[in-house]
Visitor: 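Let me begin by handing over the structure; questions about it come next.
Per chain, numbering begins at 1; letters A, B, ... match sequence-line order. Since the structure is predicted, the reported quantities are computational estimates derived from the model, not experimental observations. As a basis for the values below, the full set of heavy atoms in this structure was taken, side chains included, without hydrogen atoms, waters or symmetry mates.
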Amino acid sequence: MQVTAEEIRKIISSSKIIPDPSKISDDTNLHEIGIDSLDIFTLYLKIEEHFNIKIPDDDVDRLTDINLIVTYINSKL
Amino acid sequence: MIGIEAIGTYLPMGRVDNTTRLDFFGIDKKFLEEKTGMLKVAIKSPNEETSDLCVQAYSNLRELIEFNSSHIDCIIVCTQNPDSYGLPHTSAVVHGKLKLNDHCSAFDISLGCSGFVYGLSIIQSFMQFNDFRKGILFTADPYSKVIDPNDKNVSLLFGDGATATLLGDDAEWTAGKFLLGTRGTGNDAIRIRDEDRILEMNGRSVLSFSVTTVPDNINEMLIKNDTDINEVDCFVLHQGSRYIIKLLTENLGVSSDKVLFCAEDYGNTVSSSIPMILKRLDQKYKKVVIAGFGVGLSWGSTILTKNIRD
């Protein structure tokens, strides 16, 4: 079972960190659209809970868009 | 029944204005206002020691309520930034500065942001077991002693302050059952570095811990006290940051007007953050949940019920 970009969008939506995640493309840099470090922490917490995985601090900095997040999670599952 | 009779507080006059440091830290005003929430942080003067902060809080307590200092049976100081290197214990220094009687016992407890809740449980148990009538729980943890002013993870958040909570049998607030916890595997999330004795904090670890563990702890504590969450008038949670308070409010599923954030003008005062708010709480609140969480990782909560006094 592969994780999709839509699943990540749903998690972003439930995190309430941006008003409409459907408007961001898969390769949009999340930092560049104003998502700050604390929102990012919240997003990764939701992802960890949802997929029951642990994302180490060292990996967080490079997970900057939905594509990268999807690839990363699929490599962990 | 031993409970809280009155709370004295002390905030040093000094302030660091965080709005003047936005460019330096590369953040905008919205982040400061909505995420950290601390527009200013209180800072003690360099010659003020931890015991001096306690003495100032005690002076404020004396202004609020009459009591005979010779009737104080015990004092406890909660701090992880004691006078000098913690030897002698800061409570002994405070005892000396206040010229308390020899029969008054004094000891320190080493806890951070969970310290007031733990301390309340400790001092009540200690007093009840020893048949004491009056005791004072001090909280004073001046992080300015160990903060690197250039580290935005901590420098924008923590402020200095102290409180002195008088415990006795003419209580305004009575605590219910406590629910306390520790996750020692996370002890490196907030720590003093060995090499330079400077504070460092992993903000992500602290945020994740806070917003997941604390709501569960509060819900379990309420069950233990046979209280429905809707019966709670107000939640006085440790003032970690405005963002943590917001997430805790969401995760508890309660109205945001029931969860207070009051640290805009002085910052996160560690174990003093909860009593700072309790002191100025609106008289309309009758059932109040308090919850402390942080260094350790350590956490605890209880419910306070207001008593009708003459």
Side-chain angles (χ1 to χ4, degrees), chain A residues 3 6-24 28-77, chain B residues 18 22-23 25-38 151-157 183 185-191 200-216 239-253 256 261 268 293-294 297:
Chain A
V3 174
E6 275 318 297
E7 276 183 272
I8 300 303
R9 274 199 185 78
K10 281 182 186 169
I11 296 172
I12 295 174
S13 178
S14 72
S15 305
K16 301 175 188 170
I17 57 177
I18 50 172
D20 187 0
S22 67
K23 289 183 178 168
I24 56 172
T28 298
N29 186 304
L30 299 176
H31 296 288
E32 289 175 2
I33 57 170
I35 299 178
D36 63 46
S37 57
L38 292 176
D39 287 333
I40 289 284
F41 292 164
T42 304
L43 173 60
Y44 292 129
L45 176 61
K46 294 268 186 191
I47 289 172
E48 287 179 331
E49 289 176 339
H50 187 87
F51 296 108
N52 195 26
I53 60 171
K54 180 71 187 157
I55 305 174
D57 288 343
D58 290 343
D59 293 346
V60 166
D61 288 341
R62 59 191 174 87
L63 303 179
T64 52
D65 63 38
I66 291 175
N67 272 338
L68 290 168
I69 294 170
V70 168
T71 305
Y72 180 83
I73 295 170
N74 282 327
S75 74
K76 287 270 194 172
L77 295 177
Chain B
N18 284 335
L22 301 177
D23 290 343
F25 285 123
I27 58 170
D28 56 30
K29 198 169 182 195
K30 187 166 179 272
F31 183 86
L32 184 71
E33 290 174 345
E34 296 181 7
K35 294 300 169 63
T36 69
M38 319 302 190
D151 179 355
K152 80 171 176 183
N153 279 346
V154 294
S155 177
L156 289 167
L157 290 176
R183 188 175 303 129
T185 51
N187 72 73
D188 58 353
I190 311 171
R191 69 181 195 114
E200 69 176 11
M201 180 173 78
N202 182 326
R204 183 184 172 215
S205 295
V206 174
L207 180 78
S208 298
F209 149 70
S210 303
V211 303
T212 54
T213 303
V214 176
D216 289 348
Q239 306 281 286
S241 70
R242 186 182 281 281
Y243 190 62
I244 285 178
I245 295 293
K246 173 180 171 282
L247 294 180
L248 287 176
T249 305
E250 290 173 4
N251 290 352
L252 282 167
S256 60
F261 182 77
N268 172 351
F293 49 89
L297 301 162

Visitor: Could you check whether any side-chain heavy atom of A:His31 comes within less than 4.5 Å of a side-chain heavy atom of A:Ile40, counting everything from C-beta outward?
Guide: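 A side-chain contact under 4.5 Å exists here.
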Visitor: Please classify the contact between B:Asn202 and chain A as side chain, backbone, both or neither, with a heavy-atom cut-off of under 4.5 Å.
Guide: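 Contact with chain A is through the side chain of B:Asn202 alone.
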Visitor: Does some side-chain heavy atom of B:Phe31 sit less than 4.5 Å from a side-chain heavy atom of A:Ser37?
Guide: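 With C-beta onward as the side chain, the pair touches.
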Visitor: Heavy-atom distance under 4.5 Å between the side chains of A:Ile35 and A:Leu43, does that happen here?
Guide: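 SC-SC contact between A:Ile35 and A:Leu43 ruled out.
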Visitor: Is there a side-chain contact between B:Thr249 and B:Ile245 in this structure, where contact means two heavy atoms from C-beta onward sitting under 4.5 Å apart?
Guide: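 Yes; the side chains approach each other to less than 4.5 Å.
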Visitor: Is B:Leu247 in contact with chain A via its backbone, its side chain, both, or neither, using a 4.5 Å heavy-atom distance?
Guide: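 B:Leu247 touches chain A through side-chain heavy atoms alone.
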Visitor: Side chain from CB out, backbone as N, CA, C, O: work out which of these in B:Ser241 comes under 4.5 Å of a heavy atom of chain A, or both, or neither.
Guide: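 Contact with chain A is absent: no heavy atom of B:Ser241 under 4.5 Å.
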